[in-house]
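Shown next, in structure tokens, is the structure this report addresses.
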There are 2 protein chains.
Amino acid sequence: MDGHTRRIPDATVARLPEYLRILVDLVDQRIPTVASERLAELAGVNAAKVRKDLSYLGTYGTRGVGYDVDYLLFQMRQALGVTQDWPVIVVGAGNLGRALANYAGFGERGFPLAGVVDADDTKVGTEVGPVRVRPMSDLKELVAEHRPVIGIIATPGAVAQQVADELVAAGVTAILNFAPALVTVPPSISLRKVDLALELQILSFYQSQREPRRDSA
Amino acid sequence: MDGHTRRIPDATVARLPEYLRILVDLVDQRIPTVASERLAELAGVNAAKVRKDLSYLGTYGTRGVGYDVDYLLFQMRQALGVTQDWPVIVVGAGNLGRALANYAGFGERGFPLAGVVDADDTKVGTEVGPVRVRPMSDLKELVAEHRPVIGIIATPGAVAQQVADELVAAGVTAILNFAPALVTVPPSISLRKVDLALELQILSFYQSQREPRRDSA
DNA sequence: CGTGGCTTGTGACTTTGTGCACAAGGTCGA
DNA sequence: TCGACCTTGTGCACAAAGTCACAAGCCACG
Ligand SMILES: NC(=O)c1ccc[n+]([C@@H]2O[C@H](COP(=O)([O-])OP(=O)(O)OC[C@H]3O[C@@H](n4cnc5c(N)ncnc54)[C@H](O)[C@@H]3O)[C@@H](O)[C@H]2O)c1
Ligand SMILES: NC(=O)c1ccc[n+]([C@@H]2O[C@H](COP(=O)([O-])OP(=O)(O)OC[C@H]3O[C@@H](n4cnc5c(N)ncnc54)[C@H](O)[C@@H]3O)[C@@H](O)[C@H]2O)c1
């Protein structure tokens, strides 16, 4: 098909969604073309890096002019695989799971909520955002109905691995894990994690480097 | 004081909290010592990397034996600057802000909730988790009372920069941003971001690489 | 149709991160 | 006390990522 697409480096992949968000903004503002310099400013990175990143998608810029915003946006969506929706299933209807289910932003960005499941019978049947919580036994059916689908783990860390196994068994091929625990999956499954406590601890590190805190006075 | 601590690479810093979490688990299990091999397995990384990471903190291992869990945990806390609590202030009492405020895990890990503020008068005064929402005008006072403190942005992206500016003006020196927007701060301020849609898009990319999806049939 | 000015795309280089392999150094049993 | 056995700590070679600088290419204008 496409021909020349070299393998895209991980570091570049991690930045593409940032560019995507910016391009959507630019389209909203009816801005027809954008130079790497401007894009770099909006993304908070180096202009050469932007050009190199974009060059992995193909040669879509015009020298002396910049990039056509619409066209680049189209290509970016293509590259990221977000030309169609990816439904998500949230496992765990606790504080975080409910917040995620209530969040309209996902649907708007192409990740509509397919359902929420929970192991706690007292939570099954309750409303969260636009859906009702379903039992774990419905997982397989839910996945089959929406495939391909992304699974989100919003349960306590102690059961994260077990939940991941259940998601994989049900046919989920991509997982986002919010629980603070190591989860391993077969190599064909994509896995990412978000750990908020970890982020806070990293902030703590850099902050205490700058200005060591007074010890217990 | 300490003497020989070389500068710790960013990649290592990002892994330290993971080791910290594992060490806490090991202490709970009354496991006295741990070898880099085991630690690597628990963290899902290479053993040589673990040893190199730990060596930046100092020479705390014993050849032939491994690392003393208690002592390493102490040193790790020291290095990360989490020997004392870092209170957090959440800005924005929406879906996400409330989930964060309700989350007990932060307090347990040394990040107690100092308060929640919101610009919306109808939200001010309502209960979220253990506190009541306070007006933005209380921010300065709240920060002064708890300093040093970490600010969490849980507002819409459109106001994220403005909120960041207010946090900085109030004396916050570290910020965690959940809004999908570029935020810039003075160099003395530590800033990290968490963007969930971005994570989903990265998953989308890797998944569509593996198995390109059928086009609109 | 030619020239000047602007911006891309990329080769060369630097910096950062990873992983192997092994000497150094410690433990423990005899 | 000695030696066999482990595991650390790190030098080194390689891989990945980031930056610079500039030739190539395009547009616009006269
Ligand atoms: N709430 C937050 O803001 C927040 C922030 C950072 C991290 N986290 C992490 O996210 C996860 C969820 O946090 P929370 O505050 O929503 O917790 P919570 O206790 O409120 O919710 C957890 C939910 O998971 C369900 N559950 C438990 N075991 C299950 C299983 N085996 N299968 C399916 N569902 C199961 C429970 O019934 C409950 O509804 C935790 O790992 C937490 O560390 C939460
Ligand atoms: N809810 C989620 O699960 C989720 C997931 C991913 C990302 N996010 C991001 O987190 C942010 C918050 O999401 P949400 O779902 O909680 O939104 P929300 O609309 O429910 O809440 C936003 C809150 O911010 C307050 N606010 C608005 N402007 C303010 C200002 N200038 N100063 C102080 N407070 C202000 C509002 O009054 C409101 O209470 C958004 O940027 C969203 O994109 C949320």
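Predicted model, so just to flag it, every value in this text is computed and none were measured. Letters A, B, ... mirror the listed sequences (proteins, then strands); counts begin at 1.
- Taking atom OH of residue A:Tyr60 and atom C1' of nucleotide D:dG25, one finds them 19 Å apart after rounding to whole Å.
- For B:Asp53 and C:dG19, the CG to C1' distance is 12 Å, given to the nearest whole Å.
- B:Phe106 and B:Tyr103 have perpendicular rings, their planes meeting at more than 60° on a 0 to 90° scale where under 30° would count as parallel.
- Residue-level contact check: B:Ala35 touches the backbone only, with heavy atoms under 4.0 Å from sugar-phosphate atoms and none from bases.
- Mapping A:Gly64 and A:Ala11 onto DNA chain D via the closest heavy atom, the residue that lands nearer the 5' end is A:Ala11.
- Atom CD1 of B:Ile8 and atom C1' of C:dT16 are 16 Å apart (whole Å).
- Between A:Leu54 atom CG and C:dT8 atom C1' there is a gap of 10 Å when expressed in whole angstrom units.
- A donor N or O paired with an acceptor N or O is not found under 3.5 Å between the base of C:dG9 and the side-chain atoms of A:Lys52.
- In this structure, B:Leu72 atom CG and D:dT8 atom C1' are separated by 13 Å, rounded to whole Å.
- As judged by a 4.0 angstrom heavy-atom cut-off over every strand, A:Arg38 is placed among residues making no nucleic acid contact.
- Map A:Ala48 and B:Val34 each onto its nearest nucleotide of DNA chain D; the residue landing nearer the 5' end is B:Val34.
- Taking CG of A:Leu96 as the start and CD1 of A:Ile153 as the end, the distance is 12.0 Å to the nearest 0.5 Å.
- A sub-4.0 Å separation between OP1 or OP2 of D:dC20 and a side-chain N or O of A:Asn46 is present.
- One N or O donor and one acceptor, one from the side chain of A:Arg63 and one from the base of C:dT8, sit under 3.5 Å apart.
- Here B:Tyr67 reaches the OP1 or OP2 of D:dG9: one of its side-chain N or O atoms lies under 4.0 Å away.
- For the pair B:Lys140 and B:Glu145, the salt-bridge criterion is not met [side-chain N within less than 4.0 Å of a carboxylate O].
- Under 4.0 Å is where a charged nitrogen must lie from a carboxylate oxygen, and between A:Glu18 and A:Arg21 at least one such pair does.
- A sub-4.0 Å separation between OP1 or OP2 of D:dT8 and a side-chain N or O of B:Ser36 is present.
- Comment: B:Glu37 does not engage B:Arg51 in a salt bridge, judged by the lack of any side-chain N to carboxylate O separation of less than 4.0 angstrom.
- If you take CZ of B:Arg51 and P of D:dC6, they are 15 Å apart, rounded to a whole angstrom.
- Atom CG in A:Asp10 sits roughly 15 Å away from atom C1' in C:dT16 (whole-Å rounding).
- The side chain of A:Lys49 places an N or O atom within less than 4.0 Å of a non-bridging phosphate oxygen (OP1 or OP2) of D:dT19.
- Within the structure, a side-chain polar atom (N or O) of A:Arg15 is placed less than 4.0 Å from OP1 or OP2 of D:dG18.
- For B:Thr62, the listed nucleotide lying nearest its side chain is C:dT27; candidates were C:dT27, C:dG9, C:dA21.
- Atom CG in B:Asp68 sits roughly 15 Å away from atom C1' in D:dT8 (whole-Å rounding).
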